[in-house]
Amino acid sequence: MDVSAKKEGKYQYYEAGEGTPIVVLHGLMGGLSNFKAVADHFSTRGYKVVIPELPLYTQNILKTNVKAFAKYVKDFITYKEFSRVILLGNSLGGHISLYHTKMYPEKVAGLVITGSSGLYESAMGDSYPKRGDYEYIKKKTEDVFYDPKMATPELVDEVFSIVNDRIKVLKTLTIAKSAIRHNMGKDLPKMHVKTCIIWGKNDRVTPPEVAEEFHKLMPNSDLYWIDQCGHAAMMEQPEAFNQHLETWLKKEGL
């Protein structure tokens, strides 16, 4: 959790900069700090970067699903009084961004997905979870990245604490089932929002062919690759990620 996140009512979020809002959605094991490089870069270039903490583990189990999270994001955008936003999501956050765009297209000026679930669901971990086995969790966390050194002891500890929390495990499995249920394959061809797909060439969680499938199915999409990069491109290769995103935003006039 970023130290400078603010709490207002039921929302907790980080915010930086002024201008066109970019609302960033984190993934299942992701925190707000994963997007620090994105926030630092774009908040100085005419954008207001807003990263809400998603209530993945705090909502009623009946509201622990992709559709309910998409509604939560819509309510947050309304609360912030943004008329339209650029939505950026990684992993589960990408899936929530896609589902939000399907439900509330009028709110979305542009969509950015990276390592997104929504088509291919091993993103939730097929053999998840082995509780109590620290080495196994360490290996799974390292698999998220091209460079295993990106899985710092702090990050491994964080994931380890989640998989050893019974309620969080239950909710994680509920979210995983919901992600499979809310597969976007049939919806994507009908979604004409300007879409930027940025993908790590070495993503083992959502492999490169997933990005190609998104690109093929989404009529108004551009696909950018990052070499030597795994599932969390904005963390592992922040400069390349920001460069691709900036190129795309200029091209689309967003």
Side-chain angles (χ1 to χ4, degrees), residues 1-56 69 72-98 100-101 107-116 144-145 147 150-152 154-155 158 194-200 224 226 229-254:
M1 178 77 198
D2 199 293
V3 283
S4 47
K6 48 180 157 184
K7 188 164 172 46
E8 289 173 3
K10 68 172 181 171
Y11 300 111
Q12 199 144 334
Y13 63 96
Y14 172 83
E15 183 175 75
E18 286 304 326
T20 306
I22 299 178
V23 175
V24 180
L25 304 182
H26 61 81
L28 196 55
M29 303 284 176
L32 310 197
S33 57
N34 295 14
F35 294 91
K36 186 176 177 345
V38 171
D40 290 351
H41 183 86
F42 288 98
S43 62
T44 61
R45 285 167 170 75
Y47 296 93
K48 182 191 276 289
V49 181
V50 188
I51 315 175
E53 186 160 275
L54 297 171
L56 304 184
F69 296 143
Y72 180 92
V73 172
K74 197 243 337 173
D75 292 346
F76 176 72
I77 290 169
T78 304
Y79 168 78
K80 289 296 292 172
E81 298 180 344
F82 298 145
S83 53
R84 294 178 87 215
V85 305
I86 296 158
L87 264 186
L88 189 172
N90 170 239
S91 202
L92 174 68
H95 197 163
I96 296 166
S97 302
L98 287 159
H100 176 282
T101 303
K107 294 268 181 205
V108 184
L111 178 63
V112 186
I113 56 172
T114 178
S116 178
V144 170
F145 303 101
D147 176 5
M150 290 291 297
T152 60
E154 294 79 20
L155 192 58
E158 205 175 303
K194 296 171 178 176
T195 303
C196 173
I197 303 164
I198 305 177
W199 223 265
Y224 300 89
I226 302 181
C229 182
H231 185 57
M234 68 292 154
M235 282 174 79
E236 191 160 17
Q237 296 279 10
E239 282 169 20
F241 184 89
N242 289 342
Q243 199 177 352
H244 285 319
L245 182 49
E246 195 155 7
T247 300
W248 179 78
L249 289 167
K250 281 191 179 136
K251 177 176 97 71
E252 296 296 351
L254 291 169

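Residue numbers run from 1 in the order of the sequence given.
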Nearest non-hydrogen partners of Ala39 and Tyr14, listed with the distance: CB-CE2, 3.7 Å

Residues which pass ring-ring contact (aromatic ring centres under 6.0 Å, His included) with Tyr224, listed by chain and number, not counting sequence neighbours: His244

Exercise: identify the closest heavy-atom pair between Leu254 and Gly110: CD1-CA, 4.1 Å

Considering all heavy atoms, the nearest Val108-Arg84 contact: O-NH2, 3.3 Å

Rounded distance (nearest 0.5 Å) linking atom CG of Asn34 with atom CG of Leu155: 7.0 Å

Check: Phe69 and His95 side chains under 4.5 Å, non-hydrogen atoms: no

Value rounded to 0.5 Å, distance of CD in Glu252 from CD1 in Ile86: 10.5 Å

Residues forming a side chain to side chain donor-acceptor pair (under 3.5 Å) with Glu239, sequence neighbours excluded: none

Exercise: identify the closest heavy-atom pair between Ser116 and Leu98: OG-CD1, 3.6 Å

Neighbour count above 12 (heavy atom, 6.0 Å) for Gln243 CD: no

Aromatic centroids of Tyr13 and Phe76 separated by under 6.0 Å: yes

Greater than 12 external heavy atoms within 6.0 Å of Lys250's NZ: no

Backbone N/O of Ala233 and side chain of Asn90: donor-acceptor pair under 3.5 Å: no

Contact summary for Tyr72 and Lys10, nearest pair of heavy atoms: OH-O, 3.4 Å

Parallel, tilted or perpendicular: ring planes of Tyr79 versus Tyr11, cut at 30 and 60 degrees: tilted

Approximate separation, where rounding is to 0.5 Å, of Leu245 CG and Tyr47 OH: 7.5 Å

Separation of Lys107 NZ from His100 NE2 (nearest 0.5 Å): 7.5 Å

Spacing of Ser33 atom OG and Glu158 atom CD [to the nearest 0.5 Å]: 7.0 Å

Min side-chain heavy-atom separation Phe82-Val50 under 4.5 Å: yes

Atom pairs and distances, donor-acceptor, side-chain atoms in residues 17-31, under 3.5 Å, two or more places apart:
residue: Glu18; atom: OE2; partner: Lys48; partner atom: NZ; Å: 3.3
residue: His26; atom: ND1; partner: Gly30; partner atom: O; Å: 3.0
residue: His26; atom: NE2; partner: Leu54; partner atom: N; Å: 2.9

For Thr101, the option from Ile96, Thr195, Leu111 that meets side-chain contact (heavy atoms from CB on, under 4.5 Å): Leu111

Main-chain N/O of Gly230 paired to Glu236 side chain as donor or acceptor, under 3.5 Å: yes

Gap separating the CG atom of Leu87 from the SG atom of Cys196, nearest 0.5 angstrom: 13.0 Å

Distance-minimising heavy-atom pair for Ile198 and Thr114: O-OG1, 2.8 Å

